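Both counts, for ligands and for their atoms, begin at 1 and track the order of listing. Computed from a predicted structure; not experimentally measured.
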Amino acid sequence: MSMEKIAAKALRTTTVAWFVALMAGLWAFGMYIVGLYGVGAVTGRWDRWNVMLPKGHGYTPGDVSGNLALGVHLLMATFVTFMAALQLIPDIRTRAPGFHRWNGRVFVAVAYAIAGSGVFIAFTRGAVAGVYMAIGNTLNAVLLTACATQALRLAMARRFEAHRRWALRTFVLMLGVFFYRLGMMLWFTAHGGPVGHTKAFDGPFDIFLAFAHVLLPLAVLELYLLARERGGPWAALAMAGVMAVAALATAAGGVLAVVGLWLPSL
Ligand code: HEM
């Protein structure tokens, strides 16, 4: 096998491994959202909305608009965790293009609604994870809506190569808050405690993660696109190494979030 083929295969294999770990983590996150908030809403046990979120941030009697915004946010989050990744599976795109188009339209509407409700909550109820995270959240929301608009515009113009790049950017931005949870669990576990974290979320690690959960996945994606589209075999091999690390981190972060964050709240 030629060097080019080996490198391309390594990149494909590690990217698929990352994607599988990502989907497993997203489904686990989705089951947590349905199990905690969905079950709470359906059975009228609104106290379940206050298990993870602090007082005044979950179900708050009298705050109709805040509760509604959180409800919409969580409903949209359920779509994201179970449906968003299906957009990236090539077999679905080629065999069920109608599904891809409709799921894509819903994805863009969800991007607007989840970013809008998230920013509304952050600004009306106060920053639950500190001022830096509120800035990071807002940056995430602005970039997410801009990229989603661009992805939709390019698909409608039938410029599919450019659409694919912008859709991938939209996808990683959509999952910024998911990466935030994984990053925090990985860091705390690796350091045996909340090193660099304060109650006000203004420790060095808090500030780093407030921006890294948005910008780091985006930077990795840009490197991936460069390696695939313009790089030679060495660039593809180096990128395969990055994706292998990302796959391991996503798998480990997902397991840690399930065990340490989501299961105990159910
Ligand atoms: C730019 C997009 C987003 C912004 C700005 C945002 C913002 C927020 C904020 C501020 C809260 C805290 C609520 C409070 O303070 O009362 C929150 C909660 C939450 N968000 Fe988002 N969010 C975004 C995207 C997402 C996505 C894509 C998901 C799911 C994949 C998600 C899932 C959740 C969940 C489950 C909670 C409740 C807390 C928990 O149980 O972990 N969010 N979000």
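Scanning the protein heavy atoms around atom 27 (C) of ligand 1, the nearest turns out to be Met174 O, 3.1 Å. For atom 16 (O) of ligand 1, the closest non-hydrogen atom on the protein side is His57 O, 2.8 Å. In terms of protein heavy-atom proximity, atom 4 (C) of ligand 1 is closest to Gly118 CA, 3.9 Å. Closest to atom 6 (C) of ligand 1, if we only count protein heavy atoms, is His73 CE1, 3.5 Å. In terms of protein heavy-atom proximity, atom 36 (C) of ligand 1 is nearest to Arg181 NH2, 3.7 Å. For atom 28 (C) of ligand 1, the nearest protein heavy atom (residue, atom name, distance) is Val177 CG2, 3.6 Å. Ranking protein heavy atoms by distance to atom 13 (C) of ligand 1, first place goes to Ile121 CG2, 3.4 Å. Of all protein heavy atoms, the one lying nearest to atom 32 (C) of ligand 1 is Ala77 CB, 3.8 Å.
Close approach of ligand 1 to Tyr32 is summarised as follows: ligand atoms under 4.0 Å from at least one heavy atom of the residue are 39 (C), 40 (O), 41 (O). Short contacts between ligand 1 and Val128, defined as distances under 4.0 Å to a heavy atom of the residue, involve ligand atoms 12 (C), 15 (O). Atoms of ligand 1 lying under 4.0 Å from at least one heavy atom of Ala141, given by number and element, are 1 (C). Each of the following atoms of ligand 1 lies closer than 4.0 Å to a heavy atom of Ile33: 35 (C). Interface atoms of ligand 1 facing Phe29, defined by a heavy-atom separation under 4.0 Å, are 29 (C), 30 (C), 35 (C). For ligand 1, the atoms lying closer than 4.0 Å to a non-hydrogen atom of Ile114 are 24 (C), 25 (C), 26 (C), 27 (C), 28 (C).
No donor-acceptor contact under 3.5 angstrom links the side chains of Tyr37 and Thr78, judged on distance only.
Ring pair His163/His100 is perpendicular by interplanar angle, where above 60° counts as perpendicular and below 30° as parallel. Taking the six-membered ring where the residue is Trp, Tyr180 and His213 present perpendicular rings, their angle passing 60° and hence far from 30°. Ring planes of Trp46 and Trp49: perpendicular class, angle over 60° (limits at 30 and 60°).
In this structure, the side chain of Arg125 engages the main chain of Gly58 through a donor-acceptor pair within 3.5 Å. A donor-acceptor distance shorter than 3.5 angstrom exists from the side chain of Arg48 to the backbone of Leu36, with no hydrogens or angles considered. Judged by distance alone, the side chain of Arg93 and the main-chain N or O of Gln87 form a donor-acceptor pair under 3.5 Å. In this structure a side-chain-to-backbone donor-acceptor pair under 3.5 Å is missing from Asp202 to Val131.
Within a 4.0 Å radius of atom 11 (C) of ligand 1, the protein contributes no heavy atom.
Only the side chain of Leu53 comes within 4.0 Å of ligand 1, judged by heavy-atom distances. Neither the backbone nor the side chain of Leu173 comes within 4.0 Å of ligand 1, counting heavy atoms alone. With a 4.0 Å heavy-atom cut-off, ligand 1 is reached by the side chain of Met52 but not by its N, CA, C or O. Counting heavy atoms closer than 4.0 Å to ligand 1, residue Phe178 contributes nothing at all.
Under the 4.0 angstrom criterion for non-hydrogen atoms, Met76 is not in contact with ligand 1.
Note: no N/O pair closer than 3.5 Å links Asn140 and ligand 1 by distance alone.
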Decide ring pair (Phe, Tyr, Trp, His ring centres under 6.0 Å) for His73 and Phe120; before the verdict, give the C-alpha distance in whole Å, the side-chain angles of both, and the deciding distance to 0.1 Å. CA-CA 10 Å; His73 193 76; Phe120 176 80; over 10 Å; no

Glu229 and Arg164: CA distance, side-chain angles, deciding distance, salt bridge (charged side-chain N to carboxylate O under 4.0 Å, His left out) verdict: CA-CA 12 Å; Glu229 289 164 15; Arg164 197 178 64 87; 3.3 Å; yes

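Contact check for Phe179 versus Leu216: no side-chain heavy atoms found under the 4.5 Å cut-off. By the 4.5 Å heavy-atom criterion applied to side chains, Met239 and Met243 are counted as neighbours.
Partner of Thr250 under the side-chain contact (heavy atoms from CB on, under 4.5 Å) criterion, out of Val245, Val20, Leu182, Val255: Leu182 alone.
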